[in-house]
Amino acid sequence: MARVLLVEDDDAIAVPLERALRRDEHDVVRTASGEEAVQLVLTDPPDLLLLDLGLPDLDGLEVCRRIREAGSLVVVMMLTARGDELDRVVGLDVGADDYLSKPFSLAELSARMRALLRRAGPAAPPAKDRRPLRVDLGARRVFLDGEEVALTVKEFDLLAVLHRQLGQVVTREQLMDQVWDEHWFGSTKTLDVTVARLRAKLVRSGGPVRLATTRGVGFRLEVGAPDA
Ligand code: CA
């Protein structure tokens, strides 16, 4: 059971979807307006945002971009009639966690929502720790030099896999398999986009974290003293 904000202007989709979500005992708020969605996320954050791409006022990509820029970490699943690769990559680039192309079955939506919400989990207070990069798998929190870094669900999952094999190259196939589930049919461009987002948040010039690319093979996370 979760608090879901459904942002969809098409009644033919929204009405049965809202009914199905309520039947699954979710607490649903619906709006057809992108502007209103941004306000609601920032003032009364839901657990999950189901976000249509084509909205009358502000499109879904812009909604996602605005809430991420405002610091929201709400779980975002984009819904779109357009299943093409460009939309997927742009969607992930603005900070969506997952993507579902219309038409989709309610069973598929439920399964994907459960997976996302399970991963998002509840936050717990951090323990004292002096490591330059600390990845708390239980609480799903990340600290860089003692400062918490806000990561989306997929950014965290990616970091967790790389961190588990610290100092080793993790192949693109392993990352796609472990971070994006068996429902994922897109190309691995989504991986590069998420790596770039993670790098922007964790890697500082002279800082302790390095995220190296082994071209055509995969990625390697290193944590330690900066290079002399
Ligand atoms: Ca629409």
Side-chain angles (χ1 to χ4, degrees), residues 1-120 152-155 179-191 193-194 197:
M1 187 174 106
R3 300 179 67 234
V4 178
L5 176 58
L6 172 62
V7 190
E8 169 64 80
D9 58 310
D10 185 349
D11 280 343
I13 291 167
V15 171
L17 190 53
E18 186 174 355
R19 193 180 303 134
L21 289 168
R22 288 189 197 285
R23 202 165 48 228
D24 281 353
E25 299 191 324
H26 295 303
D27 186 359
V28 187
V29 172
R30 183 197 160 196
T31 176
S33 155
E35 296 274 5
E36 192 183 16
V38 173
Q39 288 308 312
L40 285 168
V41 167
L42 298 183
T43 55
D44 184 20
D47 300 314
L48 181 93
L49 183 62
L50 283 179
L51 182 59
D52 183 32
L53 208 56
L55 296 168
D57 54 346
L58 203 62
D59 79 35
L61 293 174
E62 186 58 27
V63 170
C64 195
R65 188 178 290 122
R66 288 193 192 182
I67 63 170
R68 291 298 190 227
E69 278 173 6
S72 171
L73 294 175
V74 65
V75 176
V76 177
M77 174 131 60
M78 289 222 173
L79 306 176
T80 179
R82 297 171 282 174
D84 72 61
E85 180 60 31
L86 183 65
D87 281 339
R88 289 183 178 212
V89 173
V90 172
L92 294 165
D93 196 29
V94 298
D97 295 296
D98 203 357
Y99 223 102
L100 202 53
S101 295
K102 298 173 191 169
F104 51 83
S105 72
L106 292 170
E108 187 182 9
L109 175 67
S110 294
R112 302 264 293 263
M113 280 178 58
R114 267 199 305 278
L116 279 172
L117 290 167
R118 193 170 52 237
R119 287 172 168 187
T152 64
V153 170
K154 292 297 183 189
E155 289 164 3
V179 178
W180 285 271
D181 58 22
E182 70 276 13
H183 302 292
W184 187 262
F185 298 111
S187 84
T188 61
K189 274 182 203 156
T190 54
L191 171 60
V193 170
T194 310
R197 292 170 56 84

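Note that the numbering runs from 1 along the sequence shown for the chain. Side-chain atoms are counted along with the backbone in the values below, which use heavy atoms only and exclude waters and symmetry mates. Just follow the structure's listing: the first ligand is 1, and inside any ligand the first atom is 1.
Atoms CG and CG, from Leu61 and Leu51 in turn, are 8.0 Å apart once rounded to the nearest 0.5 Å.
A donor-acceptor pair under 3.5 Å is formed between the side chain of Asp57 and the backbone N or O of Gly34.
Annotation: side chain to side chain donor-acceptor pair (under 3.5 Å) contacts of Asp10 (sequence neighbours excluded): none.
For the Ca ion (ligand 1), the count of nearby protein N, O or S atoms, meaning those under 3.0 Å away, is 3.
For Glu69 and Arg66, the salt-bridge test fails: no basic side-chain N is under 4.0 Å from an acidic carboxylate O. Using a cut-off of 4.0 Å between Lys/Arg side-chain N and Asp/Glu carboxylate O, Asp11 and Arg30 are scored as salt-bridged.
Only one option out of Arg112, Arg119, Arg68 pairs with Asp97 in a salt bridge (charged side-chain N to carboxylate O under 4.0 Å, His left out); it is Arg68.
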